[in-house]
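The sequence lines fix the lettering, A, B, ..., with proteins before strands; numbering per chain opens at 1.
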Amino acid sequence: MGSRNADLPQQPKDDRPHDTWVCGHAAQGCACPHGPTPRGQCQGAMGGCQPIRDGQRIRCGRPACLGGPCDAGPGADGTCGLSRDPCQPRRSFQAKWKRAIIASAIVASLLIAFGLFWPGAVEIVAPGPLSSGHRQILGSEIGQQRCAACHPGAPTDAATWFLAVRTSGHSGVRQTDLCLNCHHQSMPRETARNPHGISRMQLDAITQRIRGVSQLDQPTTRLANIARGSQDLACATCHREHHGEDPSFTRLSDAQCQTCHAKQFTSFTSGHPDWNAWPYTNEPTIRFDHRTHQQLHFPNKQASWNCRACHDLTPQGELTRGVGFEKGCSSCHDASMRTQAASGFALFQLPSIDLAAIQAAGITPPPWPESANGLNDFALPPLMRLLLASDDGLAEMKTELQKPNPDPKRVVLWMQAITRLNEELASDGQAAIIRRVERLPGTTPQIERQLSGLFPIQLANQAPWMNRPTSTAVAPRATIERMAFNGNSTDDSNDLLAPPPATTTTNPLDPSLDPLVESNPAGTDLLLDPHPLQSPREAIRPPRLDVARSMPEGGWYRDDVTLAIRYRPTGHADTRLQALIELTLSASLTNEAQEPSLAGAFNELQASAAAQACLACHTPRRNVQGDWEWTSQAASQRPRGFTRFSHRPHLHQPHLSDCTHCHAVNPEPVTPSVSLQPVSEFLSLERASCASCHRAGSAGDQCTQCHRYHVELDK
Amino acid sequence: MATTTKLTAGIPWTPRWRRRIGSMTAIATFAGLTAWFVHAQVQSLRDASWWTGWMLVALIGFLAALGVRRKLVMLPLVPVGTWVQVHIYAGLLTVFIYFLHAPRGIGSGFLEGALSILVWLVTGSGVYGVYLSRTAPRRLAAIGQEVRFDHIPWLRTRIAERAASLIANLANTPDREVLATYYAQHIDRYVRGRPSWWYLCFPSTARRRRLLTGLTELHRYLSPDQRKVSGELAALLRNRDDLDYHHALQLRLRSWRALHALLTVWLLAFAIAHVLLALRMQGD
């Protein structure tokens, strides 16, 4: 204290400030020397002091602060002779502090226990709000185990807090499994934990392709690379929940991308691998020759070449892939396309069979129209071949019939199959088509519906050239001659199809075996015939239907001249022709060794004029759902690829609103590449062109600006 | 070399400074290694919060152990002063690790948010405690006599009794009333009463100066004997004001320590709950 302060009395040294209780008189400086009891009771009732026994003598023990030894002194029994007012002991500061800490610890524990153990207090322990897509998990009133929807170890009630996770019924269940309970439709469980959610095989193929394009070196070893090649990525590795609408929930950092990616580079402008052909990497679904149209066709028609005429803006501000046939192509291509497609395709066509050869083999052929009796013609329309392929036991028939002289017994089997198909068509109509098509590989209910659609059953059951009994007056000589020539024997007693044994012994040199005689079985004199050059088949033909005149809008019809049931396309985007192409394409994807009759169906159909009318512009592709796509899909409908691009922000830039700034047509004709890579008619878009704007501080250069993590690759 | 010399030119190379620089270097090294490790974990798509979380648990447990160490005076542990020094540097490291664990600084949920607030409150009270523990003892030592906090009421009573006895023993002279009246009207209430809460929070010498000025102004009405009594009264007033200043600073020290301990208890409780939840809800 200051030098001019007064001298204060010496502070008491015998008190116990760390005791829980202090004497109520302590503030007055006259605390009991023995103080309160440990339970806070005043001992002043005992008197002013506790007398002190000193040998045989008992003396007063009152301290000096209380006036020293009293005059009366202690009694004979050793009790204090003075009575003193008891005090109210007070808690010491230390005791108050301890009580406050213990009380606060109890309050905190109760509050936490309430949050942990009371089922309704999930919001208290939840480490933050969920993202909007997951908010209903905690926010809804459905179900009590809301935490357990995502956390395998989440206790379902207060008791399960004290149980191990393995006893909670979620043993072996991982958090990602619970994520996939809801997200399995967009993310297959088998590949969900793989990088990018794709199979290892796909990943390796992509890696090898990029390595080849970018000439990447082997990655350098860094600590961050220890995650590379991981096949067990959890959803929570990137998606950290309980941060509300924080965009980091769905945003990958560049560093995270480069954790696994071999080539680690500084930025898009510096070190990013170049690309070869993007955005023209895939063969377009619609083959439109921009160069010839721009340089040749449009000038010839004196039409102005404007990109936006076909690539219009959608309401979302994106560019359309195309304008459609009716608006963009039909004015020039409709008539020629209709003419080309007019031939259509045949559902059924009766082949010409050399019945005499069969009978000559001693086999009775099934009933066969007279008009289809002639030289063997085993070529069938592709659709009919596919329908026959679903007939059991005929798969291997194709190779047999391609022989110069097929086995007559197999030909008879084949004829019987054709007869069965005809009978089914005549009796069941569309149902027969659906029944046979649905047995084919790769077919879909949509193909079945479209292919059989509007097929009138009368075309089949009223065909005059079916179910006509074949003529039995076939000269046996020709049969015998063929059998002799082919070296076949009729002695086949085990063959159920074998006819009764022939009893006629013929001389091969007999002039009656002249084929010309056979070709005129009715004995008509060629000189008397009014149409001497007309074959017997042609002689019975009815007048031919003028399809172009009577069916200009297409449909099913029967051609009694070619003994066929045909379909004439109705015009562009004809659903039946489209379904046929899809069916043959699906069939062609089957194993050629196992299904030779199916694998070549598409190639045969492709040779037809009708199919060429479609395939000249369209390249049907299968999407991830397994359906065939004929038109260019909008970006929103295409499978999610690794690269994404939106025209919208680019079109706002004045110099980019001109499409040719980025998409310049190559003035030179494009020669097909030796490799299978599609060659674009556009000049390649260089990375430097993008990098002029996409750099840090400008349009941005983050990986996720152009790349996706979760992708859907084509099957 | 020249740069190093320039940087260290103003540092007095006392043992305390050597200890400070060594401790700060150790803390910075450990923090840097931890930051690098966490960065590598994040780069590797791993969850670094598991590591930083357990580091925080260990550090908070160590920091809280200081309170236990104070109680265990009988054990041959490191001196409490050393513990306090390590406590301060460990606190700095804890703040750094906390930022690695929760880069946003504040958790978003109720429990996490409360835990974050508690971390910051404990950190803030700790920093204030460092300041207070560096300045308050120096101020108290400047006053002079050492006063125990629990003796302050007793000393206050003694001062009041001494002042009252001075007035009671005044000689019965005509000028007695001057000093007695001033005592009754101004001094008695001051020396018998407790300091106000305002004074305890913001101690000042305003009242002391006012009373002493009043006493000085009475001198012309007082006899030499009474001036001597007036001087003794002034000394008692200075005693009382110094006592109140002791009271305010010691109460501040004790309140800070109590608050720091209280917040630490809450922090421990919430941290334990957070650990339980994290362990229970973790998964991949």
Side-chain angles (χ1 to χ4, degrees), chain A residues 1-6 8-9 11-12 15 17 22 26-29 92-93 97 100-101 104-105 108-109 112 115-116 123-129 147 150-155 161 165 174-176 178 222-227 230 232-234 236-238 242-244 255-256 258-260, chain B residues 36-37 39-47 104 107-114 143-151 153-159 161-162 231-232 234-236 238-239 242-243 254 257-258 261-263 265-266 268-270 272-274 276-284:
Chain A
M1 294 197 181
S3 59
R4 293 189 298 151
N5 288 2
L8 293 176
Q11 299 171 40
D15 53 356
V22 293
Q28 285 78 38
S92 65
F93 186 87
W97 182 17
I101 287 178
S104 68
S109 302
I112 291 167
L116 292 182
E123 288 76 9
I124 292 178
V125 296
C147 296
C150 300
H151 298 282
W161 265 100
V165 175
R174 302 172 76 179
Q175 194 166 343
T176 301
L178 298 179
R222 288 178 51 181
L223 180 63
N225 292 335
I226 55 180
S230 171
D232 195 23
L233 292 173
T237 303
C238 300
H242 292 292
H243 293 303
Q256 283 177 310
Q258 294 200 334
T259 297
C260 300
Chain B
W36 175 80
F37 178 72
H39 177 70
Q41 289 285 306
V42 173
Q43 287 276 67
S44 307
L45 301 179
R46 285 183 167 80
D47 190 4
R104 292 178 180 83
S108 49
F110 176 82
L111 181 68
E112 315 283 324
I143 293 172
Q145 186 182 354
E146 290 182 359
V147 178
R148 242 171 57 186
F149 183 74
D150 55 299
H151 286 167
W154 180 83
L155 282 171
R156 199 182 290 141
T157 307
R158 297 285 84 75
I159 290 172
E161 287 175 351
R162 179 81 64 84
E232 290 179 8
L236 286 175
R238 281 192 285 272
N239 275 118
D242 291 343
L243 197 63
R254 284 172 178 250
R257 198 177 148 202
L262 199 73
L263 291 171
V265 168
W266 275 71
L268 281 173
F270 275 72
I272 289 169
H274 174 72
L276 281 176
L277 274 171
L279 289 177
R280 193 74 197 201
M281 301 294 183
Q282 70 174 352
D284 58 354

task = Specify whether Phe93(A) and Trp97(A) have parallel, tilted or perpendicular ring planes, treating 30° as the upper limit for parallel and 60° as the lower limit for perpendicular.
result = tilted
message = So for Phe149(B), is it side chain, backbone, both, or neither that comes closer than 4.5 Å to the heavy atoms of chain A?
response = side chain
task = With a 4.5 angstrom heavy-atom cut-off, could you sort out which part of Ala105(A) is near chain B: side chain, backbone, both or neither?
result = both
query = Within the side chain of Thr176(A), is there an N or O that forms a donor-acceptor pair under 3.5 Å with the backbone of Leu233(A)?
reply = no
ask   = Among Ala278(B), Ala258(B), Ala269(B), Gly113(B), which has the most heavy-atom pairs under 4.5 Å with chain A?
value = Ala258(B)
Top contributor to chain B contacts, counting heavy-atom pairs under 4.5 Å, from Ser109(A), Pro127(A), Ala236(A) = Pro127(A)
query = So which part of Arg257(B) gets closer than 4.5 Å to some heavy atom of chain A, the side chain, the backbone, both or neither?
reply = both
inquiry  = With a 4.5 Å cut-off on side-chain heavy atoms, are Leu155(B) and Val147(B) touching?
reply    = yes
Residue part contacting chain B, namely of Ile112(A), when any heavy atom lies under 4.5 Å = side chain
query = So, do Met281(B) and Cys147(A) sit near enough that their side-chain heavy atoms are less than 4.5 Å apart?
reply = yes
query = Hey, what do you get for CD (Glu146(B)) to NE2 (His151(B)), rounding to the nearest 0.5 Å?
reply = 12.5 Å
